[in-house]
Amino acid sequence: MPALVLDGKVLAKSREQQLKTVIDQLVSEGGRKPALATILVGDDPSSATYVQMKINACGRVGMGSQSIAMPASTSTEELLAEIHRLNNDPKVNGILLQHPVPDQIDERACFDAIALEKDVDGVTTQGFGRMAMGEHAFGSATPAGIMTLLKHYDIVIEGKHAVVVGRSPILGKPMAAMLLNANATVTLCHSRTIDLATLVRQADIVVGAVGQPELIKAEWIKDGAVVIDAGYHEGGIGDIEKTGLESRVSALTPVPGGVGPMTINTLISQTLESVQRNLM
Ligand code: NAP
């Protein structure tokens with residue numbers, strides 16, 4: 001049987017329709033339009049594209065956006081001042097600081113300056129800690145989007161061996177915590193891992209989050225596994241080599257159109273949730 005395609009593009013589109021309905025109703029009842037503030041520091045073209053895609057998604061669901069562009073020479077203090085301003089702006093419900101920021105900026109300090117209730121991209125240390133402990137927090141957008149995708153397609157996580165390759169604070173680490181909270185047995189791999197191939201061969205669920213084209217080889221992946229590829233490289237290549245996988249794994253995410261749309265969808269869903277939590 002061919003692998004089930006975990007289609008993030010289709011799921012994100014249907015979830016956008018639901019978000020639009022809720023936001024339209026909120027506004028028609030006299031509520032303020034939810035709004036996401038985006039901060040882009042520097043002139044990296046890929047980052048600019050990602051931010052624009054997020055702003056476009058806000059527009060599609062009737063959400064407001066405030067787009068802040070800061071020069072590549074911005075200091076940590078200047079960025080912190082902007083984040084504090086947005087924290088105190090009642091018209092802003094969520095804050096996205098596009099990663100990565102230029103080297104001279106202390107990115108962790110800036111992420112952690114985002115108010116917890118506006119941390120809709122799930123990047124703060126406090127949010128991560130709460131999420132890992134099973135308390136409410138906005139999850140880091142990419143792994144939280146992956147969890148939504150797995151749930152939508154009824155992929156069984158409990159009891160499965162999940163192997164996550166990559167341990168970044170925004171992706172691999174929170175992914176491992178979310179899978180653990182969903183009762184998977186989790187192995188978290190990174191650049192110092194010895195014999196990655198042997199570990200990936202044991203995976204019922206494998207998550208590629210390394211940022212290197214096809215680093216994870218198709219022949220390492222066992223028959224019937226669930227394959228989640230967070231990577232995107234030029235030419236539609238992911239972090240996982242797909243040759244022959246379609247006919248022998250149980251499910252896989254396409255690249256593009258799998259994880260990426262779910263990241264954006266999670267960001268805007270969590271921005272709306274931030275408004276709803278404030279109304280409660
Ligand atoms: P990152 O911060 O560069 O982290 C890469 C991780 O991969 C690190 O933990 C690193 O280990 C590990 N790694 C590097 N080489 C390895 C090797 N040879 N063997 C095993 N592990 C290795 O990247 P990221 O931000 O997490 O992103 C990872 C991927 O996801 C990228 O392709 C990125 O484009 C993609 N991504 C997609 C979305 C989306 O919305 N679709 C969002 C975010 C990221 P060490 O910790 O030991 O250095």
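Positions are given from 1 along the sequence. Whatever order the structure lists ligands and atoms in, that order sets their numbers, starting from 1.
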Q: Please write down residue, atom name and distance for the protein heavy atom closest to atom 42 (C) of ligand 1.
A: Thr142 OG1, 3.1 Å
Q.
Quick check on side chain to side chain contact (heavy atoms under 4.5 Å, CB included): which of Leu6, Ile155, Asp7 does Leu149 satisfy it with?
A. Leu6
Q: Indicate whether the side chain of Thr76 and that of Asp106 have a donor and an acceptor atom separated by less than 3.5 Å.
A: no
Q) Given side chains that start at C-beta, do those of Leu86 and Lys118 come closer than 4.5 Å, heavy atoms only? A) no
Q.
Give me the residue, atom name and distance of the protein heavy atom closest to atom 10 (C) of ligand 1.
A. Ser191 N, 4.2 Å
Q: Could you tell me which atoms of ligand 1, counted from 1 in the order shown, lie closer than 4.0 angstrom to a heavy atom of Thr263?
A: 39 (C), 40 (O)
Q. Of the protein's non-hydrogen atoms, which lies at the shortest distance from atom 36 (N) of ligand 1, and what is that distance?
A. Ala230 O, 3.5 Å
Q) Is Thr193 near ligand 1, meaning one of its heavy atoms is under 4.0 Å from it? A) no
**Q.** Positive for side chain to side chain contact (heavy atoms under 4.5 Å, CB included) with Thr142, one of Ile264, Thr263, Ile170
**A.** Thr263
Q) With a cut-off of 6.0 Å (strictly less than), are more than 12 heavy atoms of other residues, nucleotides or ligands near CG of Asp103? A) no
(Q) Counting non-hydrogen protein atoms only, what is the nearest one to atom 9 (O) of ligand 1? Give residue, atom name and distance. (A) Arg167 N, 2.8 Å
Q: Considering the heavy atoms of Gly260, write down every atom of ligand 1 situated less than 4.0 Å from one of them.
A: 40 (O), 41 (N)
Q) If you draw a 6.0 Å radius around CD in Gln202, do more than 12 non-hydrogen atoms from other residues or ligands fall strictly inside? A) yes
Q) Do any N or O atoms from the side chain of Ser47 and from the backbone of Asp43 form a donor-acceptor pair under 3.5 angstrom? A) no
Q.
Starting from atom 13 (N) of ligand 1, what is the nearest protein heavy atom, named by residue and atom, and what distance separates them?
A. Val210 CG1, 3.7 Å
Q: State, yes or no, whether a side-chain contact exists between His136 and Arg277 at a heavy-atom distance under 4.5 Å.
A: yes
Q: Check each atom of ligand 1 against the heavy atoms of Ile170 and keep those under 4.0 Å away; list them by number with element.
A: 25 (O)
(Q) Which of the numbered atoms in ligand 1 are under 4.0 angstrom from any heavy atom belonging to Leu171? (A) 26 (O), 27 (O), 28 (C), 30 (O), 36 (N), 43 (C), 44 (C)
Q. In the protein, which heavy atom is nearest to atom 20 (C) of ligand 1, and how far is it?
A. His190 O, 3.0 Å
Q) Nearest protein heavy-atom contact for atom 31 (C) of ligand 1: which residue, which atom, what distance? A) Gly211 CA, 3.3 Å
Q. Taking C-beta and beyond as the side chain, do Asn265 and Thr148 meet within less than 4.5 Å on heavy atoms?
A. no
**Q.** Shortest protein heavy-atom distance from atom 2 (O) of ligand 1, along with the residue and atom involved
**A.** Ser168 CB, 3.3 Å
Q.
Please check this pair: side chain of Asp239 against backbone of Asp229, looking for a donor-acceptor N/O pair closer than 3.5 Å.
A. no
Q: For ligand 1, indicate whether the residue Ile264 contacts it via side chain, backbone, both or neither (heavy-atom separation under 4.0 Å).
A: neither
Q) Quick one: does Ala209 get within less than 4.0 Å of ligand 1, heavy atoms only? A) yes
